[in-house]
Amino acid sequence: MFHEIEQRLQETFARCLEEKLDVRDVPVALEEPREASFGELALPVAFQLARRLRKAPRLIAQDLVAAVGAVEGVAALEIAGNGYVNVRFDRGYYARGLLAGSSAESRAPAGGKVIVEHTNINPNKAAHVGHLRNAILGDTLVRMLRASGRRVEVQNYIDNTGVQVADVVVGFHHLEKKTPAQVAELAARPKFDYLCWDLYARVSAHYKEHPESLKWRQQALHAIEAGEGELAEIAHTVANAIMLCHLGTMRRLGITYDVLPRESEILHLEFWATAFQLLKERGAIRYEESGKNAGCWVMPASAFGGGEEQDKVIVRSDGTVTYVGKDIAYQLWKFGLLGKDFYYRPLLTEADGHIVWVTSDKPGSETPPEFGRASEVYNVIDVRQSYLQEVVAAGLRALGYEEQAEKSIHFAYEMVALSLRAAAELGVELSEEDRKKGFVDVSGRKGLGEKADDLIDRLVERAFDEVSSRHPDVDEAERREVARQIAVGALRYFMLKFTRASVIAFDFQEALSFEGETGPYVQYAAVRARAILRKWAERGEKLPDFASILTREAMDRQLASEDFWQLLLAASKADVALARSIAGGEPAHVAKYAFQLAQAFNTFYHDYPVIHEKDPERRAFLLWMTTYFRDQLERTLSILGIPVPPYM
RNA sequence: GGGGACGUAGCUCAGUAGGAUAGAGCGGCCGCCUCCUAAGCGGCAGGUCGCAGGUUCGAAUCCUGCCGUCCCUACCA
């Protein structure tokens, strides 16, 4: 509704500018005034024209307003200050529009399929808080895009053949002296990812003390790549088991995937060979005869704006491909440009019936949906990979896929570090450098950091205590489920409230808080809205027929109250917030809006008892506001992936 | 050396396609539960938006320089 009026104003003013002033190149900007008393929208257009027309902005504004005349849904256009045009909505019209359900909801889904790749955790150890930021950011992006009508495919890339897995294989084989069968037995036990977490740290420490043992890593890598022998078998067991652990961790947060493309298939199906051919044919890479990169195939630095002497090696002099090369092949596949596809098999079925597929190197018996062939690709990867992501896009560009390079979006975010206090709580020794920085880097290699599942457990425990203190009479299993939902709300909100470019110095006190700007605060507002309506129903009352009682005149009467109008207006801006959030690539904006929406509802809740209202029209209005707030809160929370508990 | 991000209240952060009196949460202080759950609500205190110039009707926002912090810049994977 808000957006409709915005559009109408923009069109009307643009047309007026064109017809009356012959101005076409000035975009009609709309702002939300700082002061609510100025109206709902403001147009600074007169300022933009002042210079060109050599005329005082205020006079221009007056002429424009006179020329524009009446606009549907707008009660008044006022000149304010030096030349602002302030817009006052027709409140009754607006509210009736909301009551009827905005037609903006029914707009057709536009554009082709979007692929969002996120999580991408090395399958060699338990997930930690840093991984949570990636997955929550990615999953929320998916929900945002879907809410805006886009078709989205969610991918979680599994590097099951890399060094990280190889290192754990080394641990089992050389340090622990385990046979593949023994490893398989361990892998079947719970918390295998925790066991590997420690083992991985031990292997890293071992390398440090005995650098000569790094040859074990090379052996393991070769074995894994060849896919034969005990080492490969252990790698296979470890990667699969840990991958399932990660899926389990993410499932706790309501995060799931459509397909898991694996590095092993990219290898076995020779995606790289195909891409290599393309890159050579189209001159995207060149063979170096001499110089420091002699014998290598490189992408010239000029292709991706790299500095001088910064050509990027794609194929090493020994003929093996670097990661970027494989990433280019993979990115080509995502756009359906490789001319090759994976095979697939169903991996598991989620509780809601959703099937998660995994790639395979041979045909399966079941027919998968069509994967890949996207028109737009979001890679949710931390900011440190910016350079490599640039090279990948440059690869597409060099192949002539300008459009796809443009649509390859590196959805970058900053790291999660540990606050000094959190690091101290985890028993980390703080160096002078750490103290100066003010935070400590998470390091999987050192086994340093808070495991995702531990954090979720802590949150659930805290929430359980809170729930239990408020509802001691309720069945324990039910309290636990409510606690779980609150924990998810707290964690997801915490990870989303920061903008992407902000380093999160993870702090337990902040993350475990349920008060103030937190997920539970927003959940609580939704719970309160539901509670009012439940109480109403428990009295044996039915909801009034809003459409017939709340006529336009009735809405006008009720919304003459500035309080009500501001509350309704705030509640109606969910779509505006979503659109702005997608355009800006910033899920934090939706989170902020959810918080503001909750604040607005809490004000409403506090100031206006609904059920005890005596006047029938006023009561109907309050009940309608309650349902509207509830719907908007629930919708916004679902975009954030935050559940609404039955009570709190 | 080159590239990028950042510097806003005691703390953690919003706010930048230039706009009206710079916001929130936490922490601090003072209030509010015979009335739909106080995980709530109200109030007070707290800021030369790193510094200096420039652009203009107007700058936290754009440009330049400086100071400071972090990240990236391998034939490792």
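In the text below, chain A, chain B and the rest are named by the order of the sequence lines, each starting its count at 1. This structure is a prediction, so every number in the text was calculated from the model and none was measured.
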With [atom1] as the reference atom in both, quote the distance from [N] to [M] in angstrom, rounded to an integer.
N	M	atom1	result
C6(B)	G46(B)	C1'	24 Å
G47(B)	A22(B)	P	13 Å
A59(B)	A17(B)	P	16 Å
G10(B)	C66(B)	C1'	28 Å
C63(B)	A77(B)	P	40 Å
U16(B)	G3(B)	P	27 Å
G50(B)	U56(B)	P	23 Å
G4(B)	U12(B)	P	27 Å

In terms of side-chain heavy atoms, does [X] have a donor or acceptor partner in [Y] at a distance below 3.5 Å?
X	Y	result
Q596(A)	K573(A)	no
Y323(A)	D159(A)	yes
N379(A)	Q385(A)	no
S443(A)	D441(A)	no
Y521(A)	N602(A)	yes
R445(A)	Y200(A)	yes

Would you mind reading off the distance between [X] atom [atom1] and [N] atom [atom2], rounded to a whole angstrom?
X	N	atom1	atom2	result
Q389(A)	U73(B)	CD	C1'	16 Å
I224(A)	A77(B)	CD1	P	13 Å
M299(A)	C75(B)	CE	C1'	15 Å
F494(A)	G25(B)	CZ	P	17 Å
R580(A)	A17(B)	CZ	P	10 Å
L388(A)	G3(B)	CG	P	19 Å
E414(A)	C70(B)	CD	P	12 Å
F439(A)	A5(B)	CZ	P	17 Å

Since syn is defined as within 90° of 0, does C49(B) count as syn or as anti? anti
Centre of F464(A)'s six-membered ring, under 6.0 Å away, within 45 degrees of the axis: is that where NZ or CZ of R480(A) sits? yes
Quick check with a 6.0 Å cut-off and a 45 degree axis cone: is R462(A) positioned over the face of F514(A)'s six-membered ring?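 Verdict for F514(A): a cation-pi partner in R462(A).
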Starting at the 5' end of RNA chain B, what dot-bracket string do you get if Watson-Crick and G-U pairs under 3.5 Å are bracketed, crossing pairs use [ ], other-strand pairs use | and unpaired bases use dots? (((((((..((((.....[...)))).(((((.......))))).....(((((..]....))))))))))))....
Salt bridge check, R479(A) against E481(A): does any charged N sit closer than 4.0 Å to a carboxylate O? no
Got a salt bridge between R458(A) and E461(A), using NZ or NE/NH1/NH2 to carboxylate O under 4.0 Å?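 No.
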According to the interplanar angle, ranging from 0 to 90°, do the rings of [X] and [Y] count as parallel (below 30°), tilted (30 to 60°) or perpendicular (above 60°)?
X	Y	answer
F601(A)	F604(A)	tilted
F498(A)	F494(A)	perpendicular
F304(A)	Y387(A)	perpendicular

Mind listing the N/O atom pairs, protein and nucleotides 54-63 of chain B, below 3.5 Å?
{"unit_1": "C57(B)", "atom_1": "OP1", "unit_2": "R51(A)", "atom_2": "NH2", "d": "3.3"}

Could you check which of A20(B), G15(B), G25(B) has an atom nearest any side-chain atom of A42(A)? A20(B)
A501(A), nearest nucleotide to its side chain (from A24(B), A5(B), G15(B)):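 My answer, after comparing the listed nucleotides, is A5(B).
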Can you give me the N/O atom pairs linking the protein to nucleotides 7-13 of chain B at distances under 3.5 Å, or say none if there are none?
{"unit_1": "C13(B)", "atom_1": "OP1", "unit_2": "V503(A)", "atom_2": "O", "d": "3.0"}

Ranking A294(A) and V85(A) by the position along RNA chain B of their nearest nucleotide, the one closer to 5' is V85(A)
Determine the contact category for F595(A): base if any of its heavy atoms lies under 4.0 Å from a base atom, sugar-phosphate if only primed atoms, P, OP1 or OP2 are that close, otherwise nothing. sugar-phosphate
Using a cut-off of 4.0 Å on non-hydrogen atoms, how would the nucleic acid contact of N86(A) be classed: base, sugar-phosphate, or nothing?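 Base contact - N86(A) has a heavy atom under 4.0 Å of at least one base atom.
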With a 3.5 Å cut-off and sequence neighbours excluded, list the donor-acceptor pairs that the side chains of residues 214-224 of chain A form with protein atoms.
{"unit_1": "R217(A)", "atom_1": "NE", "unit_2": "D167(A)", "atom_2": "OD1", "d": "2.9"}
{"unit_1": "R217(A)", "atom_1": "NH2", "unit_2": "D167(A)", "atom_2": "OD2", "d": "3.0"}
{"unit_1": "H222(A)", "atom_1": "ND1", "unit_2": "Q218(A)", "atom_2": "O", "d": "3.2"}

Is the number of heavy atoms from other residues, nucleotides or ligands within 6.0 Å of CD (E225(A)) greater than 12?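 Atom CD in E225(A) is not crowded, with 12 or fewer foreign heavy atoms closer than 6.0 Å.
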Under 3.5 Å, side-chain donor or acceptor atoms of residues 293-300 of chain A against the rest of the protein: list the pairs with distances, not counting sequence neighbours.
none

Output one letter per nucleotide in nucleotides 34-42 of chain B: B when a protein non-hydrogen atom lies under 4.0 Å from the base, S when only the sugar-phosphate is that close, - when neither is. -SBBSBSS-
With the six-membered base ring of G3(B) as reference, does the ring of Y387(A) sit under 5.5 Å away with planes under 30° apart?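 No, the aromatic ring of Y387(A) does not stack with the base.
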